[in-house]
Amino acid sequence: MEIESLGKQQRVELRNRWSILIAHLLKWEYQPEKRSRSWLNTIRIQRIDTLELLAENPSLKPYLQEVLQKAYIKAIVLASGETNLPMKTFPQDCPYTQEDILSVREALPYSASLLSRFTRHR
């Protein structure tokens with residue numbers, strides 16, 4: 001029972017991190033004129049923390065798609081509230097794949113060397 005509870009807690013942590021990360025990716029994409037160092041730092045920190053969580057808990061991998069769907073709902077609410085853009089501005093389905101969220105893409109703020117540190121141990 002304790003192990004099951006711990007697994008659920010880790011899934012909640014992953015969902016919360018991804019909600020914040022995806023909300024900031026949406027803000028970054030939909031309001032490029034308002035990009036800030038704060039947004040960039042939030043994206044980077046959430047990405048690092050997510051990669052650490054996944055590296056320490058490989059049992060979370062089967063839940064990634066489920067977590068992504070739930071996190072995206074919260075991310076739309078966060079992004080809409082912080083940008084004052086209507087929720088309908090954002091796609092109904094998450095525009096980012098798991099790989100987009102965690103891997104290098106030129107259009108988004110990433111650090112390839114940092115990413116490789118966490119992914120090479122998988």
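All values below were derived from every heavy atom in this structure, side-chain atoms included, with hydrogens, water molecules and symmetry-related copies excluded.
- Linking ILVMFWY side-chain heavy atoms closer than 4.5 Å, directly or via other members, places Ile76 and Tyr96 in a single hydrophobic cluster.
- Once rounded to the nearest 0.5 Å, the distance linking CG of Leu60 with CD of Glu66 reads 11.0 Å.
- Grouping the Ile, Leu, Val, Met, Phe, Trp and Tyr side chains by contacts below 4.5 angstrom, directly or via other members, places Trp28 with Phe90.
- Annotation: side chain to side chain contact (heavy atoms under 4.5 Å, CB included) contacts of Val77 (sequence neighbours excluded): Met87.
- Inter-residue side-chain proximity for Tyr72 and Asp93 is flagged as unmet; no heavy-atom pair is nearer than 4.5 Å.
- Note: Gln65 CD to Cys94 SG = 8.5 Å, rounded to the nearest 0.5 Å.
- Ser19 places none of its side-chain heavy atoms less than 4.5 Å from the side chain of Ile73.
- When the shell of 6.0 Å around NZ of Lys74 is examined, it contains more than 12 heavy atoms from other residues, nucleotides or ligands.
- Looking at Leu64 and Trp18, their side chains come closer than 4.5 Å, going by heavy atoms from C-beta outward.
- Taking every heavy atom of both residues into account, Ala71 and Arg15 meet most closely at CB-O, 3.6 Å.
- For the pair Ile101 and Leu68, the minimum side-chain heavy-atom distance is below 4.5 Å.
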- Message: Between Lys8 and Gln10, is the side-chain contact (heavy atoms from CB on, under 4.5 Å) condition met? List the steps.
- Response: CA-CA 5 Å; Lys8 183 177 180 180; Gln10 292 165 338; over 6 Å; no
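- The two residues Thr89 and Leu85 make their nearest non-hydrogen contact at OG1-CB, 3.9 Å.
- Hydrophobic clustering, with ILVMFWY side chains joined whenever heavy atoms are under 4.5 angstrom apart, keeps Leu78 apart from Ile22.
- Within the 4.5 Å cutoff, no side-chain heavy atoms of Trp39 are placed close to those of Leu25.
- Gln46 has its side chain out of reach of His24: every pair of non-hydrogen atoms, C-beta onward, lies at least 4.5 Å apart.
- Between Pro95 and Asp100, the shortest heavy-atom contact is O-OD2, 3.9 Å.
- In this structure, the separation between CG on Asp49 and CG on Leu54 is 11.0 Å, given to the nearest 0.5 Å.
- Both Leu102 and Tyr63 belong to a common hydrophobic cluster when Ile, Leu, Val, Met, Phe, Trp and Tyr are linked at side-chain heavy-atom distances under 4.5 angstrom.
- For the pair Asn57 and Glu13, the minimum side-chain heavy-atom distance is 4.5 Å or more.
- Atom CZ in Arg47 sits 11.5 Å away from atom OG1 in Thr42 (nearest 0.5 Å).
- When side chains are defined from C-beta on, Arg35 does not count as touching Leu40, because their heavy atoms never get closer than 4.5 Å.
- Between the NZ atom in Lys70 and the CG atom in Leu14 there is a gap of 11.5 Å [rounded to 0.5 Å].
- Rounded to the nearest 0.5 Å, atoms CD1 (Ile20) and OG1 (Thr50) are 9.0 Å apart.
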